[in-house]
Novice: 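Starting off with a structure, shown below.
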Amino acid sequence: MTPRPVIIDTDPGVDDAMALLMALASPELDVVGLTTIFGNAETTVTTANAIWILEVAGRADIPVTAGASAPLAAPYLGPVPQVHGANGIGGTDPVTPAGSAAAGSAADALFAAVAKRPGEVSILALGPLTNLAIALDRHPSIVDLVAEVVVMGGNALVPGNATPVAEANINNDPEAADAVFGAGWPIVMVGLDVTHQVNLAATAIARITGGETPEAHLLAAAVPTYQRFFEVTNGLDGIYVHDPTAVAYLIAPDAFTTERWPLRVETESFSRGKTWPNLNNTDEAVLPAWNGRPLVQVCTGVDANQVLALVESRLGPPR
C-alpha cells in the first residue's frame with residue numbers, strides 16, 4: 001500500500017498533538033509537512049509546539065512553516081489556556097524545540113506541497129482556516145491540484161462549542177471558512193456532528209499515556225488539563241478527540257456517513273461562525289446566499305467504536 005501524502009495545517013493544541021502523533025504512527029499516511037496557525041494559542045506558540053512534537057516523535061525531518069497570526073477581517077479571539085494549558089499543550093512553561101521553522105509562509109508551503117505532486121496530496125486542516133484562504137487567494141490553481149481537503153471544524157446539525165452556535169475553529173475566522181467552503185475543491189467537513197460522538201474514555205487515556213515511549217510521555221503531560229476541562233464542562237468520562245477523528249477520516253472514511261450540501265458561514269451578528277448547510281428542502285429562489293455554492297461533503301454519522309479503536313491502536317502501546 002502506498003501511503004497517502006498529506007500536509008497538515010494545525011494549531012497545537014492538545015488534541016492537535018494527539019492527531020499529529022496519530023498521523024505519524026499511521027502507515028496509511030505520509031506527512032510531508034506541517035503549517036501552523038493561531039487558534040488554541042498564538043502562532044508563535046503553535047509553531048514551537050509543532051516543531052517540538054515532531055522532534056519528540058523522531059521526525060524533525062518534516063518541515064514546519066509558520067502561518068498567519070490573525071484572522072482575515074477581525075482580531076484574534078485569543079488562546080484558550082483553560083482548555084489547552086498556558087503553553088497550548090497542557091502545561092504552563094513554553095516548549096523549547098531544538099529546530100526552527102522553515103522559511104516562507106504557510107500559504108505558499110501549502111501550495112508548493114500540492115503543486116509538487118498534482119492530484120496526490122491532501123490537506124488536513126485542524127485549526128482556523130486562514131492559511132487555506134490566503135493560499136486560495138494567492139494561488140487559485142490549488143483548487144485543481146489538491147487531492148482533497150479535510151477540515152476538522154464546523155457544526156451542521158448540532159450546537160457549537162465556542163458559542164451556542166459556532167464551532168471553535170470556524171469561529172476563529174468565519175470569513176476564511178466561508179471562502180474555503182466555497183472554493184469548489186474536493187472538501188470534507190469533519191465537525192462536531194461526529195466528533196461529539198467520539199469520546200475517548202479515561203481508561204483508554206490511561207492506556208495511551210501509560211507507556212514508556214517519548215510520545216506517551218508527551219501525552220501524559222499534555223492530556224490531563226484537556227481531560228479536566230471536559231470532565232467539568234461537559235461531564236465526560238474522558239475527552240472528545242476532535243482532531244484525531246479527522247485523521248481517522250483520512251485512514252478509514254468507511255467509518256463515516258456523509259451528506260453533500262452547499263455551506264455558508266455566518267460572518268455577522270450573534271450567529272457569527274455558524275456553518276449553515278442548505279439541506280435542499282427549501283425553495284432555491286429565496287436562498288440567494290447559497291445559490292451557486294459548491295457541495296461540501298459533511299460528516300453526519302460515525303462508527304465511534306471503530307474510530308476509537310483506531311485512535312488507541314496508533315497512540316497506545318501494542319496490545
Side-chain angles (χ1 to χ4, degrees), residues 1-10 16 19-20 22-24 26-35 37 62 67 106-154 156 167 169-170 176-191 193-195 242-263 265 275 277 293-302 306-307 310 314:
M1 177 187 65
T2 302
R4 179 179 186 175
V6 58
I7 184 167
I8 304 177
D9 192 63
T10 180
D16 298 77
L20 295 177
M22 179 180 173
L24 293 171
S26 296
E28 299 90 347
L29 303 178
D30 175 19
V31 180
V32 300
L34 303 185
T35 55
I37 190 65
I62 297 173
D108 292 342
L110 288 166
F111 174 71
V114 169
K116 185 177 181 179
R117 300 166 69 176
E120 297 182 25
V121 179
S122 298
I123 297 173
L124 174 60
L126 302 178
L129 298 178
T130 314
N131 290 335
L132 276 67
I134 295 171
L136 284 167
D137 183 62
R138 289 185 186 174
H139 308 286
S141 63
I142 194 173
V143 168
D144 300 314
L145 297 173
V146 71
E148 184 177 44
V149 178
V150 175
V151 172
M152 191 282 114
E167 182 275 329
N169 285 339
I170 306 303
D178 195 51
V180 168
F181 286 128
W185 47 12
I187 186 166
V188 181
M189 186 178 99
V190 184
D193 301 81
V194 290
T195 65
H242 297 293
D243 292 342
T245 300
V247 176
Y249 178 85
L250 284 171
I251 298 168
D254 59 312
F256 297 80
T257 56
T258 63
E259 300 283 350
R260 291 169 61 82
W261 297 313
L263 283 180
V265 181
T275 46
R293 294 282 289 190
L295 297 176
V296 172
Q297 196 165 332
V298 178
C299 292
T300 56
V302 61
Q306 183 178 347
V307 171
L310 185 58
R314 301 304 159 86

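All values reported here derive from a predicted model rather than from experimental measurement.
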Novice: Quick one: does any side-chain atom of Trp185 pair with a main-chain N or O of Leu145 as donor and acceptor, under 3.5 Å?
Specialist: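 A pair under 3.5 Å: no.
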
Novice: State, to 0.1 Å, how close Ala255 and Val307 come at their nearest heavy-atom pair, and which atoms those are.
Specialist: CB-CG2, 4.3 Å

Novice: Drop me the distance from His242's NE2 to Asn169's CG, to the nearest 0.5 angstrom.
Specialist: 9.0 Å

Novice: Please give me the minimum heavy-atom distance between Ala246 and Leu126, naming the atom from each residue.
Specialist: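 Result for this residue pair: CB-CD2, 4.2 Å.
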
Novice: Mind listing the side-chain donor-acceptor pairs of residues 2-10 below 3.5 Å, one per line with the distance, residues two or more places apart or on another chain?
Specialist:
{"residue": "Arg4", "atom": "NE", "partner": "Ser122", "partner atom": "OG", "Å": "3.1"}
{"residue": "Arg4", "atom": "NH1", "partner": "Leu250", "partner atom": "O", "Å": "3.3"}
{"residue": "Arg4", "atom": "NH2", "partner": "Ser122", "partner atom": "OG", "Å": "3.2"}
{"residue": "Arg4", "atom": "NH2", "partner": "Glu148", "partner atom": "OE1", "Å": "2.2"}
{"residue": "Asp9", "atom": "OD1", "partner": "Thr35", "partner atom": "OG1", "Å": "2.5"}
{"residue": "Asp9", "atom": "OD1", "partner": "Asn131", "partner atom": "ND2", "Å": "2.9"}
{"residue": "Thr10", "atom": "OG1", "partner": "Asp16", "partner atom": "OD2", "Å": "2.9"}

Novice: Roughly how far apart are Gln306 CD and Phe256 CZ, rounded to 0.5 Å?
Specialist: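 Here the interatomic distance stands at 8.5 Å.
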
Novice: Could you tabulate the donor-acceptor pairs under 3.5 Å formed by side-chain atoms of residues 136-144, not counting sequence neighbours?
Specialist:
{"residue": "Arg138", "atom": "NH1", "partner": "Ser105", "partner atom": "OG", "Å": "2.9"}
{"residue": "Arg138", "atom": "NH1", "partner": "Asp108", "partner atom": "OD1", "Å": "3.2"}
{"residue": "Arg138", "atom": "NH1", "partner": "Asp108", "partner atom": "OD2", "Å": "3.3"}
{"residue": "His139", "atom": "NE2", "partner": "Asp108", "partner atom": "OD1", "Å": "2.8"}

Novice: Where is the tightest heavy-atom contact between Pro186 and Val146, given as atom of each residue plus distance?
Specialist: CD-CG1, 4.3 Å

Novice: Tell me which pairs pass salt bridge (charged side-chain N to carboxylate O under 4.0 Å, His left out) where either residue lies in residues 242-251, with sequence neighbours left out.
Specialist: none

Novice: Can you name the nearest heavy-atom pair linking Gly119 to Ala147, along with the distance?
Specialist: O-CB, 3.5 Å

Novice: Between Asp193 and Cys299, is there a donor-acceptor pair closer than 3.5 Å when you use the side chain of the first and the backbone of the second?
Specialist: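 Such a contact is absent between Asp193 side chain and Cys299 backbone.
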
Novice: Quick one: does Leu29's side chain get under 4.5 Å of Val247's, heavy atoms only?
Specialist: yes

Novice: If you compare all heavy atoms of Thr245 against all heavy atoms of Val190, which two are closest, and at what distance to 0.1 Å?
Specialist: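 For Thr245 and Val190, the tightest heavy-atom pair comes out as CG2-CG1, 4.0 Å.
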
Novice: Passes side-chain contact (heavy atoms from CB on, under 4.5 Å), Asp178 versus Arg293? Steps please.
Specialist: CA-CA 10 Å; Asp178 195 51; Arg293 294 282 289 190; 3.1 Å; yes

Novice: Roughly how far, to the nearest 0.5 Å, is CG of Leu263 from CE of Met189?
Specialist: 5.5 Å

Novice: For the residue pair Ala156 and Val298, what are the closest heavy atoms and their distance?
Specialist: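 Here Ala156 and Val298 meet closest at CB-CG1, 3.9 Å.
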
Novice: Do Pro277 and Arg260 come within less than 4.5 Å of each other through their side chains, counting heavy atoms only?
Specialist: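 No - every pair of side-chain heavy atoms lies 4.5 Å or more apart.
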
Novice: Which distance, rounded to the nearest 0.5 Å, do you find between the CG of Leu34 and the CG of Leu24?
Specialist: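 Between Leu34 CG and Leu24 CG, I get 7.5 Å after rounding to 0.5 Å.
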
Novice: How long is the straight-line distance from CG of Leu132 back to CZ of Phe181, given to the nearest 0.5 Å?
Specialist: 10.0 Å

Novice: Does the side chain of Glu167 reach to within under 4.5 Å of the side chain of Thr195, using non-hydrogen atoms?
Specialist: no

Novice: Let's go through Val32 and Arg117 carefully: what are the C-alpha distance in whole Å and the side-chain angles of both, what is the deciding distance for side-chain contact (heavy atoms from CB on, under 4.5 Å) to 0.1 Å, and is it a yes or a no?
Specialist: CA-CA 11 Å; Val32 300; Arg117 300 166 69 176; 4.2 Å; yes

